[in-house]
Amino acid sequence: MTISRIATAFSLIGAAFILYIGISYLVTPETIATGFGLPEWPSGDAVAFMNLKGVRDTVSGLIILVLLATKQRYALGIVTLVIALVPIGDMFTVLSWHGSTATALLVHGLTAAFVIATGILLLRERSVTTRPAAVAVNA
């Protein structure tokens, strides 16, 4: 498999996953919220914060798909690296609010690593395709 195909597959997996998470927070937040890793969830009107997370995650997935569809692969690589800050922030939030360390590291930390790897593959793809071909020298 080429770097391009792997990067595309990783991008699509990432987009599908974050769209699922985002839409779940919008439609059925009570079923998905427990897996985030925080010790307790907002109640009453504060539940609206779960909708904010749902919107943020859904938009992140759509950005990935739009950049893939428009063949803006280098831009997608840069954006993907920036998007990696979201699970890193989530990980530190869970840890600083005394949530589940396992969830912080295994869910948010591994997600960040996957997103970073995807971004690096997308950026590397351009450097591989723009290298000049070797010039044959006649002796």
Side-chain angles (χ1 to χ4, degrees):
M1 238 184 181
T2 66
I3 289 176
S4 178
R5 288 179 190 239
I6 294 169
T8 300
F10 282 10
S11 295
L12 288 171
I13 290 167
F17 178 73
I18 202 59
L19 281 168
Y20 168 76
I21 297 293
I23 293 168
S24 294
Y25 269 99
L26 292 171
V27 178
T28 57
E30 64 282 350
T31 61
I32 196 149
T34 56
F36 193 79
L38 290 174
E40 87 183 59
W41 280 96
S43 59
D45 289 342
V47 172
F49 282 100
M50 288 191 231
N51 279 17
L52 296 175
K53 178 170 174 24
V55 170
R56 176 191 76 175
D57 290 349
T58 301
V59 169
S60 293
L62 292 174
I63 289 169
I64 294 167
L65 293 178
V66 166
L67 289 172
L68 267 175
T70 58
K71 298 182 171 115
Q72 300 297 315
R73 298 179 71 82
Y74 188 75
L76 177 58
I78 293 168
V79 168
T80 300
L81 290 175
V82 171
I83 288 174
L85 295 172
V86 173
I88 290 169
D90 291 347
M91 179 181 69
F92 286 122
T93 299
V94 171
L95 291 172
S96 66
W97 285 90
H98 309 293
S100 167
T101 302
T103 301
L105 298 176
L106 295 175
V107 173
H108 304 295
L110 288 177
T111 298
F114 176 79
V115 174
I116 290 167
T118 302
I120 290 169
L121 283 173
L122 286 159
L123 294 178
R124 177 141 170 72
E125 173 184 299
R126 181 172 179 183
S127 69
V128 169
T129 60
T130 58
R131 286 187 190 152
V135 178
V137 178
N138 293 330

**Message:** According to side-chain hydrogen bond (donor to acceptor under 3.5 Å, both in side chains), who are the partners of T93, at least two apart in sequence or on a separate chain?
**Reply:** none

**Message:** Suppose we screen for side-chain hydrogen bond (donor to acceptor under 3.5 Å, both in side chains). Which residues come up paired with T34, at least two apart in sequence or across chains?
**Reply:** none

Does some side-chain heavy atom of [Y] sit less than 4.5 Å from a side-chain heavy atom of [X]?
| X | Y | answer |
| --- | --- | --- |
| I116 | L81 | yes |
| I18 | I83 | no |
| L123 | E125 | no |
| K53 | I21 | yes |

**Request:** Sort and list the pairs that fulfil ring pair (Phe, Tyr, Trp, His ring centres under 6.0 Å) and have at least one residue in residues 102-126, not counting sequence neighbours.
**Result:** F10-F114, F36-H108

**Message:** According to ring pair (Phe, Tyr, Trp, His ring centres under 6.0 Å), does anything in residues 61-100 pair up with another residue at least two apart or in another chain? List the pairs.
**Reply:** none

Non-hydrogen atoms of [X] and [Y] that approach each other most closely:
| X | Y | result |
| --- | --- | --- |
| A104 | M91 | O-CG, 3.2 Å |
| L121 | A7 | CB-CB, 4.0 Å |
| A15 | G61 | CB-O, 3.9 Å |

**Request:** Kindly state each residue pair satisfying salt bridge (charged side-chain N to carboxylate O under 4.0 Å, His left out) with at least one member in residues 79-101, sequence neighbours excluded.
**Result:** R56-D90

**Prompt:** Quick check: does any side chain N or O of T28 sit under 3.5 Å from a backbone N or O of T31, one acting as donor and the other as acceptor?
**Reply:** no

So, taking the atom named [atom1] in [X] and the one named [atom2] in [Y], what distance separates them when rounded to the nearest 0.5 Å?
| X | Y | atom1 | atom2 | answer |
| --- | --- | --- | --- | --- |
| L122 | T80 | CG | OG1 | 5.5 Å |
| I120 | I3 | CD1 | CD1 | 11.5 Å |
| L38 | L95 | CG | CG | 10.0 Å |

Can you get from [X] to [Y] by hopping between Ile, Leu, Val, Met, Phe, Trp and Tyr side chains that sit under 4.5 Å apart?
| X | Y | value |
| --- | --- | --- |
| L12 | I63 | yes |
| I64 | L19 | yes |
| L106 | V115 | no |
| L110 | V86 | no |
| V79 | L68 | yes |

**Message:** More than 12 heavy atoms of other residues, nucleotides or ligands under 6.0 Å from CD of E30: yes or no?
**Reply:** yes

**Message:** Quick test of your reading: applying side-chain hydrogen bond (donor to acceptor under 3.5 Å, both in side chains), list the pairs with at least one residue in residues 6-26, sequence neighbours left out, ordered by first then second residue.
**Reply:** T8-R73

